[in-house]
**Q** 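Structure provided below as structure tokens; questions to follow.
Each chain gets a letter, A, B and so on, in the order its sequence line appears, and its residues count up from 1.
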Amino acid sequence: MIGLADCNNFYASCERVFNPQLRNKPVVVLSNNDGCIIARSNESKSLGFKMGEPVFKIKELIEKHKVNVFSSNFALYGDLSDRVMNTLKSEVERVEIYSIDEAFLDFSDLVTTDRALSIKRKVQQWTGIPVSIGIAPTKSLAKLANNIAKKYVKKGVFILDDESLIKRVLNVFPIEDLWGVGRKYAKRLKQSGINTALEFIHADQEWIRRNFSVNGVRLQKELKGEKCYDLELRPTRKKNICTSRSFGKEIKDYIRIREAISTFANTCAIKLRKEKSCCSKILVFLMTNPYNPNAKQYHPHITLDFQTPTNDSAEIVSMANKALKSIYRNDCIYKKAGVIVQNTTPQEEVQMSLFDKVDRDKRRRLMYSVDKINMLMGKDKIRLAAQGFERRWKLRQERLSPCYTTRFSDILTIDI
DNA sequence: TCTGGGGTCCTAGGACCC
DNA sequence: TCTGGGGTCCTAGGACCC
């Protein structure tokens, strides 16, 4: 049996941990640039706030209900996520961290409601984060069980084990809530008269394969209780790494864009080194504001290759700027830009180029020292000049909560 | 005025090989 | 007039996830 532990309204719950005044009050967390709603407490959900809704459209509603609004604070969420995962690992031997707020748990040894409940209570007590746990024979069914635990079961734990229970649940489970069925697939399925998980199980397998690829077939098998996805215990190396942002204010000036692209490229290089990977391709893209119908639209991108795979900041930044130069036009105003490094290989397995002139050992030691100094002294203490100093393109974050757990100056003090 | 960011996998089609 | 068979690799686009 496989369990899925999923934190309830994770980002909103994180904001509550060190700010108990928010309990039982509506909370929403916004995306970067304070643009859209990306997390809601139960209170906000019942007030009708929708996932992904742009904030400016619902300003009055927010004020009317005195909703507590926060900019996203990923330093806080990341740290609390680590605490939740470590707590789960203290109770279950085999844990797959699936996302920032979800983990699959191997329950093949012992499945009881009591065990699940005591795990849930421990996470709550040790981290302050409420979780729900669904347990079933396959990952897809565990996802489904979790969905039910969250919505309908007060104690927050639901075990989906015997066949007749599974059948009863599938019969009322909406097709669009299945794991792996997004908006497009749901629409197509409904057009074919398939509205519940049970109807999906009974659909013709060849038809599913044709319309929803092998993933659809796997989902169908998993719902029937046949395992297609195992627990993945070792974190896998990323194949692509992306750093991109919308700008707080739109930018036209080449120098400013170059500073942003240089910063994004440098961040990609840092992420690569953290993964101990090198990349052999780099993609740079620009975007004008698609929501402004009067603006000239231009969404260029270009991919360039490295002769020798690299994770050297200087090499990656200079290649990114070369790419930028070839797509930049000065008659557009840009809203967003980004850098994606691709075709990654483990840094120990880099294929050298016969004509390479770079002393790669020396460069690697240099990068190692830069990373180390920045870790000790603070982010960007050593940086490339191309990144600039002003960060004029920076995000809007007007309602940021303190980094309670990751910054000394933000640690709570207690008056006795 | 104001609309997020970071990933993965699959498939079809084109280019190429012998 | 008649024009094979069996592959691989790469990429763009589309779907999905959180």
**Q** Classify F212(A) by what it touches in the nucleic acid, base, sugar-phosphate, or nothing, heavy-atom distance under 4.0 Å.
**A** nothing
**Q** Counting side-chain heavy atoms from C-beta on, which of dC18(C), dC10(B), dG7(B) comes nearest to R218(A)?
**A** dC10(B)
**Q** Are S132(A) and N146(A) close enough that a side-chain donor and a side-chain acceptor fall under 3.5 Å?
**A** no
**Q** Is the shortest side-chain N/O distance from R245(A) to OP1 or OP2 of dG6(B) below 4.0 Å?
**A** yes
**Q** Just compare dT11(B), dA15(C), dG6(B) and give me whichever is closest to any side-chain atom of V214(A).
**A** dT11(B)
**Q** For DNA chain B, please output the secondary structure as dot-bracket, reading 5' to 3'. Pairs are Watson-Crick or G-U wobble, both atom distances under 3.5 Å; mark crossing pairs with [ ], other-strand partners with |, unpaired with a dot.
**A** ....||||||||||||||
**Q** Rounded to whole angstrom units, what separation is found between the CG atom of N292(A) and the P atom of dT3(B)?
**A** 10 Å
**Q** May I ask you to say what I97(A) touches in the nucleic acid, namely base, sugar-phosphate or nothing, with a heavy-atom cut-off under 4.0 Å?
**A** nothing
**Q** What integer distance in Å separates R237(A):CZ from dG7(B):P?
**A** 15 Å
**Q** Could you state the CG-P distance from D6(A) to dC17(C), rounded to the nearest angstrom?
**A** 14 Å
**Q** May I ask you to verify if any side-chain N or O of S99(A) is less than 4.0 angstrom from the OP1 or OP2 atom of dC17(C)?
**A** no
**Q** Per the side chain to side chain contact (heavy atoms under 4.5 Å, CB included) rule, which among V69(A), N68(A), V67(A) passes with V27(A)?
**A** N68(A)
**Q** Rounding to an integer number of Å, can you tell me how far D34(A) CG sits from dT1(B) P?
**A** 18 Å
**Q** I want to verify a distance call: between dC9(B), dC10(B), dA15(C), whose nearest atom is closest to the S213(A) side chain?
**A** dC10(B)
**Q** Quiz question: by atom type and distance under 3.5 Å, do the side chains of K155(A) and T113(A) form a donor-acceptor pair?
**A** no
**Q** Mind checking if K59(A) touches a base, just sugar-phosphate, or nothing, with heavy atoms under 4.0 Å?
**A** nothing
**Q** Could you work out which one of dT11(B), dT3(B), dG5(B) sits closest to the side chain of C36(A)?
**A** dT3(B)
**Q** Taking the minimum atom-to-atom distance to the side chain of K184(A), which one of dC16(C), dT3(B), dC18(C) wins?
**A** dC16(C)
**Q** Among the candidates dC2(B), dG5(B), dG7(B), find the nucleotide nearest to the side-chain atoms of N32(A).
**A** dG5(B)
**Q** What is the distance from CZ of R210(A) to P of dG14(C), rounded to the nearest Å?
**A** 21 Å
**Q** The side chain of K57(A) is closest to which nucleotide in this list: dT3(B), dG7(B), dC9(B)?
**A** dT3(B)
**Q** Tell me, yes or no, whether the heavy-atom count around R399(A) atom CZ, taken from other residues, nucleotides or ligands under 6.0 Å, exceeds 12.
**A** no
**Q** Within the pair K335(A) and dC2(B), is there a side-chain N or O less than 4.0 Å away from OP1 or OP2?
**A** no
**Q** If we ignore angles and hydrogens, is there a donor and acceptor under 3.5 Å between the side chains of S262(A) and N321(A)?
**A** yes
**Q** Are Y152(A) and F158(A) an aromatic pair, judged by ring center distance below 6.0 Å?
**A** no
**Q** Applying a 4.0 Å non-hydrogen cut-off, can you work out what K281(A) is touching in the nucleic acid: base, sugar-phosphate, or nothing?
**A** sugar-phosphate
**Q** Is the Lys NZ or Arg CZ of R218(A) less than 6.0 Å from the centre of F212(A)'s six-membered ring, within 45° of the axis?
**A** no
**Q** Expressed as a whole number of angstroms, how long is the span from Q342(A):CD to dC9(C):P?
**A** 19 Å
**Q** Heavy atoms from C-beta onward define the side chain here; which of dT11(C), dT3(B), dC9(B) lies closest to that of N289(A)?
**A** dT3(B)
**Q** Is the shortest side-chain N/O distance from K143(A) to OP1 or OP2 of dC18(C) below 4.0 Å?
**A** yes
**Q** Please tell me if R188(A) has a side-chain N or O lying less than 4.0 Å from either OP1 or OP2 of dA15(C).
**A** yes
**Q** Residues two or more places apart in sequence or in another chain: which of them pass side chain to side chain donor-acceptor pair (under 3.5 Å) with K336(A)?
**A** none
**Q** From CD1 of I38(A) over to P of dG5(B), roughly how many Å is that when rounded to an integer?
**A** 10 Å
**Q** If only side-chain N and O atoms of K249(A) are considered, is one of them under 4.0 Å from the OP1 or OP2 phosphate oxygen of dT1(B)?
**A** no
**Q** Angle between ring planes, F264(A) versus F247(A), binned at 30° and 60°: parallel, tilted or perpendicular?
**A** parallel
**Q** E53(A) near the nucleic acid: base, sugar-phosphate alone, or nothing, with a heavy-atom cut-off under 4.0 Å?
**A** nothing
**Q** With no hydrogens and no angle check, just 3.5 Å: does a side-chain donor-acceptor pair link N86(A) and R83(A)?
**A** no
**Q** For T243(A), which contact category applies under a 4.0 Å heavy-atom criterion: base, sugar-phosphate, or nothing?
**A** sugar-phosphate
**Q** Contact class for I340(A) (heavy atom, under 4.0 Å): base, sugar-phosphate, or nothing?
**A** nothing
**Q** With respect to the side chain of S31(A), which nucleotide from dG4(B), dC2(B), dA15(C) is positioned closest?
**A** dG4(B)
**Q** Between N240(A) and K336(A), which is nearer to the 5' end of DNA chain B once each is assigned its nearest nucleotide?
**A** K336(A)
**Q** Taking the side chain of N215(A) as its heavy atoms from C-beta onward, which of dC9(B), dG4(B), dG5(B) lies nearest to it?
**A** dC9(B)
**Q** Nearest whole Å is fine: how far is dA15(C) P from I208(A) CD1?
**A** 17 Å
